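First the structure, in the form of structure tokens, and then the observations on it.
Computed from a predicted model, the values in this text were never measured in an experiment. Whatever order the structure lists ligands and atoms in, that order sets their numbers, starting from 1. For the single chain, residues carry numbers from 1 onward in sequence order.
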Amino acid sequence: MQDLEGKVAVVTGAGSGIGEGIARAVAAAGMKVVVADIDESKANTVAADLGGDALACGVDVSRLASVEALRDRALQHFGGVHLLCNNAGVWIGALMADADIKDWQYLIDVNLYGVIHGVKAFLPLMLEQGEGHIVNTASMGGLISGPPEGLYTTTKFAIVGLSEALLMETADKGVGVSVLCPGLVNTNLITQSFAVRPDAYDPGIDHQQPAPDVASGISPRVVGEQVVDAVREGGFYVITHDDYRDIIAMRHDNIVASIDEHAKRYGSTSGREV
Ligand SMILES: NC(=O)c1ccc[n+]([C@@H]2O[C@H](COP(=O)([O-])OP(=O)(O)OC[C@H]3O[C@@H](n4cnc5c(N)ncnc54)[C@H](O)[C@@H]3O)[C@@H](O)[C@H]2O)c1
């Protein structure tokens with residue numbers, strides 16, 4: 001979607017961090033922005049600071065009805081939605097042996113169902129318009145995994161898979177897709193994930209696992225600018241950090257080596273020589 005001027009963007013989790021960075025970047029590109037967050041005071045602050053056409057909205061992405069209400073509010077106010085950034089997300093560090101089922105449910109409901117609800121609520125509208133773009137925030141943890149990030153990366157790997165399939169599904173229908181996979185970004189992720197966690201998801205356990213040092217990360221502003229470039233240019237993977245390049249290459253090499261090893265041992269299923 002090359003021309004962003006005057007078009008409408010909905011950004012979830014835009015009251016803070018990467019979402020705020022995206023909201024600022026799309027506003028600077030001339031878009032009208034719906035600043036959506038479960039923390040309404042943060043959404044109000046960002047929208048007021050952006051001024052102009054920005055609209056603050058409360059939303060809980062873990063609930064489909066809330067995301068549908070966000071879509072209806074955006075449509076009522078602006079008459080269309082051209083860019084959806086499914087960005088809201090939370091983090092918990094826990095070993096799988098210790099994690100409570102409520103830890104899993106919190107991460108899956110916000111991180112994964114949050115994206116699913118966004119796609120469910122907004123994709124039909126974009127297909128009907130014949131124009132749109134969806135950016136899903138995964139993480140570098142959607143491409144590589146390791147403890148104590150197992151719960152978190154489960155949700156983020158799923159977002160990468162969902163986004164790859166969505167890209168193929170909508171490629172010839174005027175709707176673009178990008179998946180954002182940052183490394184460390186200097187945001188409020190670690191504290192805000194606990195501040196907005198509903199009591200129903202609180203297992204009452206302190207897992208005492210080291211949190212990622214997000215304060216050492218890059219600026220959310222830089223991430224926002226790279227997202228705008230991807231939307232304009234139709235870029236799919238938005239991988240803001242090159243620090244993990246060799247680990248990703250090693251992971252893929254291991255997968256390919258396993259394919260070759262199994263084909264040698266059990267025979268090729270594709271008829272090709274290995
Ligand atoms: N900070 C990093 O290093 C990093 C790296 C890779 C990916 N990410 C991802 O980036 C996204 C944004 O996180 P961030 O780092 O900017 O953190 P952040 O806490 O600064 O911003 C996340 C925002 O999402 C909101 N939110 C949380 N639950 C919500 C819900 N149920 N409904 C609506 N809004 C909700 C929070 O209130 C917060 O304003 C997340 O998906 C996160 O997993 C972050």
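Two residues are said to be in side-chain contact when any heavy atoms from C-beta on lie closer than 4.5 Å; Val34 and Arg73 fail this criterion.
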* Could you please spell out the steps behind the salt bridge (Lys or Arg N to Asp or Glu O under 4.0 Å) verdict for Lys7 and Glu131? => CA-CA 11 Å; Lys7 294 197 173 136; Glu131 183 186 33; 2.8 Å; yes
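A donor-acceptor pair is defined here as one N or O able to donate and one able to accept, closer than 3.5 Å; such a pair exists between the side chain of Gln129 and the backbone of Val81.
The aromatic rings of Tyr106 and Tyr201 lie tilted to each other, with the angle between the two planes from 30° to 60°.
The protein residues lying under 4.0 angstrom from ligand 1, judged by non-hydrogen atoms, are Gly13, Ser16, Gly17, Ile18, Asp37, Ile38, Asp39, Val59, Asp60, Val61, Asn87, Ala88, Gly89, Val90, Val110, Thr137, Ala138, Ser139, Tyr152, Lys156, Pro182, Gly183, Leu184, Val185, Thr187, Asn188, Leu189, Gln192, Val196, Val214.
A side chain to side chain contact (heavy atoms under 4.5 Å, CB included) with Asn86 is found for exactly one of Val135, Thr137, Ile134, namely Ile134.
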Please list every donor-acceptor pair under 3.5 Å in which a side-chain atom of residues 35-51 meets a protein atom from a residue at least two apart or in another chain.
unit_1	atom_1	unit_2	atom_2	d
Asp37	OD1	Asp39	N	2.9
Asp37	OD2	Ala14	N	3.4
Asp37	OD2	Gly15	N	2.9
Asp39	OD1	Ser41	N	3.4
Asp39	OD1	Ser41	OG	3.0
Asp39	OD1	Lys42	N	3.3
Asp39	OD2	Gln192	NE2	3.1
Asn44	ND2	Glu40	O	3.2
Thr45	OG1	Ser41	O	2.8
Asp49	OD2	Arg24	NH1	2.9
Asp49	OD2	Arg24	NH2	2.8

